[in-house]
Amino acid sequence: MSTNLAGLPPRYLRTPEAARFVGLSIRTLEKHRIYGTGPRYSKLGGRVVYRVEDLQEWVDAAAKASTSDPGKVVVLPARRHSPAELEQARHPRR
């Protein structure tokens, strides 16, 4: 994604646009938000918005070079996890 955003404020996406951006359903992205397993977001008034940079960072952090590569973080399924599972996913062992 090589757009020139110099001088412009960061671009914010609502949930439907953000879901399309990362290739998930709207409901799955909402569940990630509920369970704390998804990308960073902000609430402006009653609206949830995502910065494009935060979405891209979340996707990039889960990138892997091979099936044995633990990656920077583990993107957990959109469901309830214990605090220990959340911590382990954020800091995988190498």
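Keep in mind the model is a prediction, meaning the values are calculated, not measured.
- For Glu85, the salt bridge (Lys or Arg N to Asp or Glu O under 4.0 Å) test picks out no residue, with sequence neighbours left out.
- Residues passing the side chain to side chain contact (heavy atoms under 4.5 Å, CB included) test with Thr67: none are found, sequence neighbours excluded.
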I'd like a table of donor-acceptor pairs (distance under 3.5 Å, sequence neighbours excluded) in which one partner is a side-chain atom from residues 13-20, with atom names and distances.
residue	atom	partner	partner atom	Å
Thr15	OG1	Arg33	NH1	3.4
Glu17	OE1	Arg14	N	3.0

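- Within the 4.5 Å cutoff, the side chain of Val52 has no heavy atoms near those of the Tyr12 side chain.
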- Task: Apply side-chain contact (heavy atoms from CB on, under 4.5 Å) to Leu86 and Thr37, showing your working.
- Result: CA-CA 8 Å; Leu86 290 172; Thr37 56; 3.9 Å; yes
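- Under a 4.5 Å side-chain heavy-atom criterion applied to ILVMFWY residues, the cluster that includes Ile34 comprises Tyr35 as well.
- Shown here are the side chain to side chain contact (heavy atoms under 4.5 Å, CB included) partners of Ser68, two or more places apart in sequence or in another chain: Ser66.
- Listed by first and then second residue, the ring-ring contact (aromatic ring centres under 6.0 Å, His included) pairs involving residues 57-81 are His32-Trp58 (not counting sequence neighbours).
- The hydrophobic clustering, which links ILVMFWY residues whose side-chain heavy atoms are closer than 4.5 Å, places Val59 and Leu55 together.
- Considering only residues two or more places apart in sequence or on other chains, Ser42 meets the side chain to side chain donor-acceptor pair (under 3.5 Å) condition with none of them.
- Heavy atoms from other residues, nucleotides or ligands lying under 6.0 Å from CZ of Arg79 number more than 12.
- With sequence neighbours left out, the salt bridge (Lys or Arg N to Asp or Glu O under 4.0 Å) criterion links Arg80 to no other residue.
- Here the straight-line distance linking atom CZ of Arg51 with atom CD of Gln56 works out to 12.0 Å at 0.5 Å rounding.
- Looking at heavy atoms from C-beta onward, Arg27 lies in side-chain contact with Lys31 at the 4.5 angstrom threshold.
- Under the side chain to side chain contact (heavy atoms under 4.5 Å, CB included) criterion, Arg40 pairs with Asp54, sequence neighbours left out.
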